[in-house]
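To start, the structure under review is shown below, and the notes come after it.
What you see is a predicted model, and the numbers here were worked out from it, not measured in a lab.
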Amino acid sequence: GRGFAFRRKQKIERQYRKVLKKRRQVHSQQDDQFTDRYPEHLKHLYLAEEEKLKKRRRTPDNLVSSEENKAADGSGVYGYVCLMIISVSRTCTFSSRPVVTQEKFKNKTSNQKAKEEYEKIKAERARKKEEAEKRKQQREEAQRLYKQKKMEAYKILCKKTKKGQPNLNLQVEFLLQKIQQNT
């Protein structure tokens, strides 16, 4: 039935739901980081930076020249900061594909080295497996031929006459063929 273990389980589930609810409230408070977390005298800088980043995400090429004009018109620290950000954004061009230099080929990360080593080991294992498979097939083929020859020889040597005696004529012919094959 529904004993103490069931009630304990329900109690733990209620506590878990409470913790999840508190976490959701904490996350919603962290979303307002540009307005709530910064001091009053610096808030306008952070808000301006946020707007600038939003605009840059929309159209990065069109807004650079207009922001430079605004920064030149602006006075004091804010204008200087904007000019620095614009100059950095112009010097650091972000392309969709990563730039691979020769240093990257020389200095491989441990993960890349491990992957290459794993690929080598994997290829070596596959090669050894193929060789073992070939050897196995050759061995099976040789055994099949050996058994076939043995069976033929056995049939010849086991033949009997009508009276049940071994057929010596067939045995002598078999020995003659064997001698001729060896020479």
Thr161 and Asn167: which non-hydrogen atoms are nearest, and at how many Å? CG2-CA, 4.4 Å

Is the shortest side-chain N to carboxylate O distance from Glu141 to Arg144 below 4.0 Å? yes

Pair Lys120 + Glu124: basic N to acidic O under 4.0 Å: no

Nearest atoms (heavy-atom pairs only) where Ile156 meets Leu170: CG2-O, 3.8 Å

Between the main-chain N or O of Phe174 and the side-chain N or O of Gln177, is there a donor-acceptor pair closer than 3.5 Å? no

Glu133 versus Lys129: any side-chain heavy-atom pair under 4.5 Å? no

Please examine the side chains of Gln10 and Phe6, heavy atoms only from C-beta on, and report whether any two atoms are closer than 4.5 Å. yes

For Lys113 and Lys108, which heavy atoms make the closest approach, and how far apart are they? CE-O, 3.5 Å

Less than 4.0 angstrom from a charged side-chain N to a carboxylate O is my criterion; do Glu13 and Arg17 meet it? yes

Can you measure from CD (Gln180) to CG (Leu176) and round to the nearest 0.5 angstrom? 4.5 Å

Can you establish whether the number of heavy atoms outside Arg127 located under 6.0 Å from its atom CZ is more than 12? yes

Minimal heavy-atom distance between Pro166 and Gln171, with the atoms involved, is CB-NE2, 4.0 Å

As an exercise, state the distance from CD of Glu130 to NZ of Lys128, rounded to the nearest 0.5 Å. 13.5 Å

Under a 4.0 Å N-O cut-off, is there an ion pair linking Glu49 with Lys52? yes

